[in-house]
Amino acid sequence: MFPTIINTKVQPFKATAYHNGDFVDVSDADLLGKWSVLVFYPADFTFVCPTELGDMADHYAQLQEMGVEVYSVSTDTHFTHKAWHDSSDTIGKIQYPMIGDPTGKIARNFGVMIEEDGLALRGTFVINPEGEIKVAELHDLGIGRSAKELVRKVQAAQYVAEHDGEVCPAAWQPGEATLSPSLDLVGKI
């Protein structure tokens, strides 16, 4: 059985990331005080991964406008991230930090490590400003994710955090009606 990490705090970590031409230190403390998204992927220089990371790069400005920082994470090193960034037009457009996790500690903390391969599953985690995991999504290695759907999930998580007592129904979009769970709604939806 897969234990849930929803509403748990991000476990401590320290790592090095490639970000905007530099190597920078990143830790769990950097996730506090703002919304964050961690996007785990198996490996650099592969096939589905650049399509996902490029899609995320295309939505990065929108996420930034929403007060969200994005971090991609793989078990490659920050040096490998730089080499990939320098050699691929798709990866070259990434402006968010690319965290190296060669020991797999961060991947293990989030429950996405494939031990026998030394790689991470495709895992996406939305973290609130208090450092609590609010969304956890895992995919098989062959199934790519959608940054557009991630944006919607972040919007819903932010809405729920700001509107106590309200919840967002399926496929909710900003501006649409929400629900206020109560006895009056039981059996009427």
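The figures here come from the full heavy-atom set of this structure, side chains too, leaving out hydrogens, waters and symmetry mates.
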Are any non-hydrogen side-chain atoms of [X] and [Y] less than 4.5 angstrom apart?
| X | Y | value |
| --- | --- | --- |
| Val39 | Tyr96 | no |
| Leu141 | Ile114 | yes |
| His81 | Ser74 | yes |
| Pro129 | Lys34 | no |

Working to the nearest 0.5 Å, report the span between [atom1] of [X] and [atom2] of [Y].
| X | Y | atom1 | atom2 | value |
| --- | --- | --- | --- | --- |
| Leu119 | Asp101 | CG | CG | 11.0 Å |
| Lys9 | Glu130 | NZ | CD | 6.5 Å |
| Met98 | Thr16 | CE | OG1 | 14.0 Å |
| Phe110 | Phe40 | CZ | CZ | 5.0 Å |
| Ile127 | Leu32 | CD1 | CG | 9.5 Å |
| Leu121 | Asp140 | CG | CG | 8.0 Å |

Test side chain to side chain contact (heavy atoms under 4.5 Å, CB included) applied to Val112 and Leu138, step by step:
CA-CA 8 Å; Val112 297; Leu138 298 177; 3.3 Å; yes
Are [X] and [Y] in one and the same hydrophobic cluster, where Ile, Leu, Val, Met, Phe, Trp and Tyr link if side-chain heavy atoms are under 4.5 Å apart?
| X | Y | value |
| --- | --- | --- |
| Leu38 | Met56 | no |
| Phe13 | Val24 | yes |
| Leu63 | Phe125 | no |
| Val160 | Ile133 | no |
| Leu53 | Ile99 | no |

For the residue pair [X] and [Y], what are the closest heavy atoms and their distance?
| X | Y | result |
| --- | --- | --- |
| Trp84 | Ala43 | CH2-O, 4.4 Å |
| Arg122 | Pro42 | NH1-CD, 3.4 Å |
| Ile5 | Ala136 | CG1-CB, 4.5 Å |
| Ala161 | Trp35 | CB-CZ2, 3.9 Å |
| Lys153 | Val135 | CD-CG1, 4.3 Å |
| Val68 | Gln158 | CG2-NE2, 3.7 Å |

Decide yes or no on side chain to side chain contact (heavy atoms under 4.5 Å, CB included) for His163 and Thr178, but give the supporting numbers first.
CA-CA 10 Å; His163 298 86; Thr178 59; over 6 Å; no
Tell me whether Arg145 is salt-bridged to Glu137, with the criterion being a basic N under 4.0 Å from an acidic carboxylate O.
no
Stepwise side chain to side chain contact (heavy atoms under 4.5 Å, CB included) check, Val70 with His59:
CA-CA 10 Å; Val70 174; His59 289 82; over 6 Å; no
Without swapping roles, check the side chain of [X] against the backbone of [Y] for a donor-acceptor pair under 3.5 Å.
| X | Y | value |
| --- | --- | --- |
| His85 | Ile94 | yes |
| Arg108 | Thr103 | yes |
| Asp30 | Ser27 | yes |
| Asp55 | Ala147 | yes |

Applying side chain to side chain contact (heavy atoms under 4.5 Å, CB included) to Thr51 and Thr90, what does each step give before you reach the verdict?
CA-CA 8 Å; Thr51 66; Thr90 300; over 6 Å; no
Does [atom1] in [X] sit with more than 12 non-hydrogen atoms of other residues, nucleotides or ligands closer than 6.0 Å?
| X | atom1 | result |
| --- | --- | --- |
| Lys93 | NZ | yes |
| Gln64 | CD | yes |
| Lys148 | NZ | no |

side-chain contact (heavy atoms from CB on, under 4.5 Å) with Asp44: which of Thr75, Asp76, Ile91?
Asp76
Do Trp172 and Tyr159 make the cut of ring centroids closer than 6.0 angstrom?
yes
For the pair Phe79 and Phe23, name the ring-plane relationship: parallel under 30°, tilted 30 to 60°, perpendicular over 60°.
perpendicular
For residues Tyr60 and Glu69, is any side-chain donor paired with an opposing acceptor at under 3.5 Å?
yes
